[in-house]
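Residue numbers start at 1 and run along the sequence shown.
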Amino acid sequence: QVKLVESGGGLVQAGGSLRLSCAASGRTLERYAVAWFRQAPGQEREFVAARGRSGGDTYYADFVKGRFTISLDNAKNTVYLQMNSLKPEDTADYYCAADWLGYGSSSQDKYEDWGQGTQVTVSS
């Protein structure tokens with residue numbers, strides 16, 4: 001099991017950028033698939049981006065392609081989500097998740113470990 005702690009959320013104007021971090025402890029993330037999901041008020045949690053284990057492929061939801069980038073710093077055991085060109089509809093709580101030996105699924109059910117979330121608010 002790996003413990004995940006997100007940070008980096010906040011308030012930003014439309015068109016701005018934020019970088020979310022997800023620091024892991026307990027186990028190295030290198031053999032995990034890691035992902036970001038988000039949940040807007042009154043809506044279900046949805047997939048944002050994922051990266052397969054051991055330098056695997058990256059996957060993105062259509063609504064963030066070209067704007068968001070998921071990356072993993074093995075030395076810091078931390079996953080990042082770089083978010084550019086933010087829109088008001090990106091406002092949500094963002095969660096990171098880890099799937100042991102996963103390939104980077106968009107399904108929440110594949111992920112065993114979750115962080116507590118960090119709030120992102122994009123003003124128009």
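In the hydrophobic cluster analysis, where Ile, Leu, Val, Met, Phe, Trp and Tyr join through side-chain heavy atoms closer than 4.5 angstrom, Leu72 is grouped apart from Tyr59. Transitive grouping of hydrophobic side chains (ILVMFWY, heavy atoms separated by less than 4.5 Å) brings Val48 and Leu29 into a common cluster.
Closest approach of Gly104 to Ala50, counting heavy atoms only: O-CB, 3.6 Å. The shortest non-hydrogen separation linking Ala24 to Val2 is CB-CG2, 3.7 Å. Considering all non-hydrogen atoms of both residues, Thr58 and Tyr60 come closest at OG1-CE1, 3.7 Å. Minimum interatomic distance between Ser123 and Leu11 (heavy atoms only, all atoms of both residues): CB-CD1, 4.3 Å. The two residues Lys3 and Val5 have their closest heavy-atom pair at CE-CG2, 4.1 Å. Nearest heavy atoms, Thr78 versus Ser21: CG2-CB, 4.2 Å.
Listed by chain and number, the residues in a ring pair (Phe, Tyr, Trp, His ring centres under 6.0 Å) with Tyr80 amount to none (sequence neighbours excluded). Partners of Ser17 under the side chain to side chain donor-acceptor pair (under 3.5 Å) rule, at least two apart in sequence or in another chain, are Asn84. In terms of the salt bridge (charged side-chain N to carboxylate O under 4.0 Å, His left out) criterion, residue partners of Glu46 (sequence neighbours excluded) are, by chain and number, Arg38.
Rounded to the nearest 0.5 Å, atoms CD (Glu30) and CG (Asn74) are 4.5 Å apart. Expressed to the nearest 0.5 Å, how far OH of Tyr94 lies from CD of Gln119 amounts to 11.0 Å.
No side-chain heavy atom of Phe63 sits less than 4.5 Å from a side-chain heavy atom of Glu89. Side-chain atoms of Asp113 and Arg27, non-hydrogen and from C-beta on, never get closer than 4.5 Å to each other. Contact of the Phe68 side chain with the Leu86 side chain is registered, since non-hydrogen atoms from C-beta on lie closer than 4.5 Å. Side-chain contact between Cys96 and Leu4 is present, with at least one heavy-atom pair separated by less than 4.5 Å.
Sorted by first and then second residue, the side chain to side chain donor-acceptor pair (under 3.5 Å) pairs involving residues 61-71 (not counting sequence neighbours) are Asp62-Lys65, Arg67-Asp90. The stretch residues 61-91 participates, sequence neighbours left out, in no disulfide bond (SG atoms under 2.5 Å apart) pair at all. Applying the ring pair (Phe, Tyr, Trp, His ring centres under 6.0 Å) rule to pairs touching residues 16-38 yields Tyr32-Trp100, Phe37-Phe47, Phe37-Tyr111, Phe37-Trp114, sequence neighbours excluded.
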- Message: Determine whether Val122 and Gln13 satisfy the following criterion, side chain to side chain contact (heavy atoms under 4.5 Å, CB included), listing intermediate values before the conclusion.
- Response: CA-CA 5 Å; Val122 184; Gln13 288 188 332; over 6 Å; no
- Query: Under the side chain to side chain contact (heavy atoms under 4.5 Å, CB included) criterion, do Glu6 and Leu20 qualify, and how do the steps go?
  - Reply: CA-CA 7 Å; Glu6 300 97 333; Leu20 305 184; over 6 Å; no
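Around atom CD of Glu44, no more than 12 heavy atoms belonging to other residues, nucleotides or ligands sit under 6.0 Å away.
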